[in-house]
Visitor: 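This is the structure, below, for whatever I ask next.
Computed over heavy atoms, backbone and side chain alike; hydrogens, waters and symmetry mates excluded. Keep in mind that this is a model prediction, so the values were computed, not measured. Both counts, for ligands and for their atoms, begin at 1 and track the order of listing.
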Amino acid sequence: LSLCGVVVLLAYLFGSFPTGYLAGKLLKGIDIREVGSGSTGATNVLRTLGKVPGGFVLLIDALKGVLAINLGYALFNIAYSQNLIPPTVNPGIWQPYLVTLAGLAALLGHSKSIFLGFTGGKSVASGVGILLAINWQIGLSTLGVFAVVIAISRIVSLSSICGAIAVSILMVIFHQPLAYILLGLTGGLYVIIRHRSNIERLIAGTEPKIGQKVETQT
Ligand code: G3P
């Protein structure tokens, strides 16, 4: 149990690292949460600060997910090799559950950062990092869904939502353990819920397309 606690806490702290907020402060002296969509994610950084900062934030935020997953793997392996986990525990079954907890904690940290008064992004970039670290084929397939939708619609939020829906299906197609299917379902649902305001704008037909200048929306 304490192993779960340590993993969740550290993964949450990784996820909380406020990349987009720091980019806004350091590059333009602004609070990114007060412009555009109000999100600290890479899309809003791209919209507000440009392509290079947007790409950089995307990379670092994805890396947070990669780190959280590898932390889950590593701490499980250390605890197992030190006999801190009962020998009756089947690592093949239980390691994915610990990794799942790490992933969900990182997603939560990214959008409810302890460093930003529990505000943040929409957990898309960190989610991609999580998927790539668990299974790169699933990560790339999710990015493929994202790419197809963005090529057609030019709307990032719609592409993220479609990617989030695809994750659980891909987990099943790629024969992943139950823990990762549950990660796909809960993480995907969480990302969709984080897009509430985008969904309202999509229905109203006011969601901006890539490259479109926007007034502050939230
Ligand atoms: O990465 C989040 C994206 O799906 C939507 O971001 O800033 O348009 O709300 P934003």
Side-chain angles (χ1 to χ4, degrees), residues 15-25 27-28 30-66 68 103-104 106-113 116 118-132 139-168 184 187-218:
S16 278
F17 182 77
T19 326
Y21 175 82
L22 289 176
K25 279 286 169 200
L27 296 175
K28 223 176 171 185
I30 54 162
D31 183 341
I32 191 87
R33 295 169 301 172
E34 288 167 3
V35 290
S37 67
S39 167
T40 60
T43 310
N44 205 30
V45 173
L46 166 78
R47 185 183 284 134
T48 313
L49 303 172
K51 281 185 191 151
V52 175
F56 181 74
V57 169
L58 177 68
L59 202 70
I60 301 294
D61 282 351
L63 206 60
K64 299 190 309 196
V66 174
L104 292 176
L107 284 184
L108 189 70
H110 180 75
S111 56
K112 305 241 175 255
S113 167
L116 298 175
F118 303 104
T119 62
K122 295 178 181 174
S123 302
V124 175
S126 45
V128 169
I130 286 167
L131 292 175
L132 286 170
L140 285 188
S141 306
T142 308
L143 283 174
V145 171
F146 181 93
V148 168
V149 181
I150 209 157
I152 298 168
S153 69
R154 316 292 303 158
I155 301 175
V156 179
S157 60
L158 183 65
S159 315
S160 302
I161 291 167
C162 292
I165 295 170
V167 171
S168 318
L189 187 66
Y190 181 67
V191 167
I192 294 169
I193 290 171
R194 290 296 301 158
H195 282 80
R196 272 191 316 270
S197 52
N198 303 81
I199 293 170
E200 281 167 19
R201 288 193 293 274
L202 283 167
I203 293 170
T206 55
E207 180 71 335
K209 299 193 172 193
I210 270 185
Q212 206 170 315
K213 286 272 163 240
V214 284
E215 299 301 317
T216 300
Q217 294 157 330
T218 49

Visitor: Check whether any heavy atom of G41 sits under 4.0 Å from an atom of ligand 1.
Guide: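 Checking ligand 1 against G41, which is what was asked, there is no heavy-atom contact under 4.0 Å.
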Visitor: Quick one: which ligand 1 atoms are inside 4.0 Å of a heavy atom on S37?
Guide: 7 (O), 9 (O), 10 (P)
Visitor: For T43, take its heavy atoms, then give the atoms of ligand 1 lying under 4.0 Å from any of them.
Guide: 1 (O), 2 (C), 3 (C), 6 (O), 7 (O), 8 (O)
Visitor: Grab the two heavy atoms, one from L132 and one from L140, that are nearest each other, plus how far apart they are.
Guide: CD2-N, 3.9 Å
Visitor: Between I161 and ligand 1, which residue portion shows a heavy-atom distance shorter than 4.0 Å: side chain, backbone, both, or neither?
Guide: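 Neither; nothing of I161 gets under 4.0 Å from ligand 1.
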Visitor: Would you check if there is a donor-acceptor pair between the side chains of S123 and R194 at a distance under 3.5 Å?
Guide: no
Visitor: Does the N or O separation between K122 and ligand 1 drop below 3.5 Å for any pair?
Guide: yes
Visitor: Keeping the roles fixed (side chain from S113, backbone from S16), state whether a donor-acceptor pair exists under 3.5 Å.
Guide: yes
Visitor: Find the distance between SG (C162) and CZ (F146) and round it off to the nearest 0.5 Å.
Guide: 10.0 Å
Visitor: Within a distance under 4.0 Å of any heavy atom of N44, pick out the atoms of ligand 1 and give their elements.
Guide: 7 (O)
Visitor: Can you list the ligand 1 atoms lying under 4.0 Å from a non-hydrogen atom of R47?
Guide: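 Answer for ligand 1: 7 (O), 8 (O), 10 (P).
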Visitor: What I want to check is whether the side chains of Y190 and S111 have a donor and an acceptor closer together than 3.5 Å.
Guide: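 Per modelled atom types, Y190 and S111 side chains form a pair under 3.5 Å.
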Visitor: Does an N or O anywhere in S39 fall below 3.5 Å from an N or O of ligand 1?
Guide: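 S39 vs ligand 1: no N/O contact under 3.5 Å.
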Visitor: Counting heavy atoms only, which part of V124 comes closer than 4.0 Å to ligand 1: side chain, backbone, both or neither?
Guide: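 It is the side chain that gets close, since no backbone atom is under 4.0 Å.
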Visitor: Answer with yes or no whether R194 contacts ligand 1, where contact means a heavy atom under 4.0 Å from a ligand atom.
Guide: no
Visitor: Check whether any side-chain N or O of K64 sits under 3.5 Å from a backbone N or O of H110 as a donor-acceptor pair, and report yes or no.
Guide: no
Visitor: Closest heavy-atom contact between A164 and I192?
Guide: CB-CG1, 3.9 Å
Visitor: Is there a polar contact, in the sense of an N or O pair closer than 3.5 Å, between R201 and ligand 1?
Guide: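 By distance alone, the answer is no.
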Visitor: With heavy-atom distances below 4.0 Å as the criterion, list the atoms of ligand 1 near S160.
Guide: 3 (C), 4 (O)
Visitor: Work out which heavy atom in T48 is nearest to a heavy atom in N44; give both atom names and the distance.
Guide: OG1-O, 2.6 Å
Visitor: Please report the shortest heavy-atom distance between V57 and T40, naming the atom on each side.
Guide: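 Smallest heavy-atom distance, with atoms named: CG1-O, 4.4 Å.
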Visitor: Short list, please: which atoms of ligand 1 are under 4.0 Å from a heavy atom of H195?
Guide: 2 (C), 3 (C), 4 (O), 5 (C)
